[in-house]
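Keep in mind that this is a model prediction, so the values were computed, not measured. Every chain is numbered from 1 and lettered A, B, ... according to where its sequence line falls, protein lines coming before strand lines.
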Amino acid sequence: MFDRYARELLRYATHRVGEQIAEDIVAQTFLIAYEQKARYDPSRGAMLPWLYGICTNLLRRHRRDEIRALKAIEGLRPDTVDGPTSDRVDAQRLAARALAALSRRQRDVLLLYAVAELEYAEIAAALDIPLGTVQSTLHRARARVRAALGGPL
Amino acid sequence: MKTDSDLVAVRSLGAEPTEESLTRTWYRMTKPPKRIRPRSRVLAPVAVAAVVLALVGGSLVVYRTGAGVYWPVASTPDTVATLKALADKAAAGAPVTIGPGQVVHTSGNGVAGCGGATECVIESRTMQLWYDVHAGRVVNLPEDVEQARTQPEGQESPVGVHRPTLEWLATLPTDPEKLLAHLRIEIGRHDRWTVDGQLWDMLAQMYSYCELALTPAQRANLLRAFTGMSGLSTRDIAVDGRSLIAIRHTDDTKGKEILFDPDTGRVVGRASYFLGEGVTIINPFDVNGVSRMLWTQSVVPTPQRQ
């Protein structure tokens, strides 16, 4: 299970809280999954969304670390570099600001969609919320990020 | 992958996890939790009685954790599978005879880091080593003495994994579990590092001295014994266009690798990694890590001193 899923979970967690905390979170995710393996119901979906659900729950304890990291990116100064790098830094700053301003639920759904690349139904299974809630939450979250980036709503 | 601009922007805020990060995650997962002291001693008599009953009833395997001991956990499942596959390859190799007056010559090339507590500068290194596997002694020529890790005669450590000889190799248990237990006892204890971490380090040195002297059965037995070690992980690497298998032992902030040829199951090098923080690594080479040495070995006449 570790060999198959660890890298994807680590990518998702590292993206949210940085390498060091992510390693602890992913390690805990597998330990919890092992302890709760009897609760895993294959008829409700694949194992990876279930693991993402555990991981996301653990990440909630590190909300402050996540917001702090986003604000650090937001504080980068694009005017210190030229050309395409400057544009990229600017986009990252705006995206970081938008992400930091989202609600916890919106951030969870958006990052499971954008970084973990789960489908709607998988996100619903991971977070144990209705499919319609996933769709509406994701729509609102993406609209806010697009608006922050200056694109169409 | 979804390519909408907002999703790309969100993804750009994070980086891909590194191999080192993945190894550390495995290490953190398998590291046993710190022992929690009981708040009450009410149950102590019951626990003592249970231990006594267990001791009377049969054998008791005691895994101690902490400095100088080993984790009571297995290595990653794919590492165990890789070691078994390497053992099968190694068992099919051809034995080499090292007669009286002959030694194992190791010629190596690579890089290694040196420096202080906050900085490590990676430099190019070569290795020339002549090892007398009959006497268990490095016999480098005077001009190579700087590279020889010899001790004055009379102050040598006992023959064993630190100082392998043909005779010692021949006495090793052939059962993998007994072999590992034997090696763990030989390696002793250290204040800071785990037993398996120290053992892995000494095995890497042993291979660099005399891998060629091992019989195919001894190579295979060792590889099967390693499947019982803790803290090992595996990865495929390419060095100068050559595909190798690295088996790593992670111990705190140190990762030490023994490099295997996947076609023969034989050891062809070693590498080490620093996994901690606070040290600036200055590395002008295309090498990930703080040291790496690949070698070739041959049987040659004992070098004659002038």
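- Note that OG of B:S5 and CG of A:L149 are 6.5 Å apart. Values are rounded to the nearest 0.5 Å.
- Closest heavy-atom contact between B:R11 and A:H15: O-NE2, 3.4 Å.
- More than 12 heavy-atom neighbours from other residues, nucleotides or ligands sit within 6.0 angstrom of CZ on A:R60.
- For A:L70, the part lying under 4.5 angstrom from a heavy atom of chain B is the side chain only.
- Using a 4.5 Å cut-off between heavy atoms, A:Y113 touches chain B through backbone and side chain atoms alike.
- Between chain B and the residues A:V145, A:L99, A:D24, A:T29, the most heavy-atom pairs under 4.5 angstrom are made by A:D24.
- When every heavy atom of A:E19 is checked against every heavy atom of B:T18, the shortest pair comes out as OE2-OG1, 3.6 Å.
- For CD of A:Q135, the number of neighbouring non-hydrogen atoms (other residues, nucleotides, ligands) closer than 6.0 Å is greater than 12.
- Nearest heavy-atom pair, A:F2 versus B:L22, reported as atom, atom and distance to 0.1 Å: CZ-O, 3.9 Å.
- The distance from atom CD of A:Q20 to atom CZ of B:R24, rounded to the nearest 0.5 Å, is 8.0 Å.
- In this structure, the portion of A:L110 lying under 4.5 Å from any heavy atom of chain B is its side chain and not its backbone.
- Taking CG of A:L111 as the reference point, atom CG of B:L13 lies at 8.5 Å (rounded to 0.5 Å).
- The line from CG of B:D6 to CZ of A:R144 is 14.0 Å long, rounded to the nearest 0.5 Å.
- Neither the backbone nor the side chain of B:S233 comes within less than 4.5 Å of any heavy atom of chain A.
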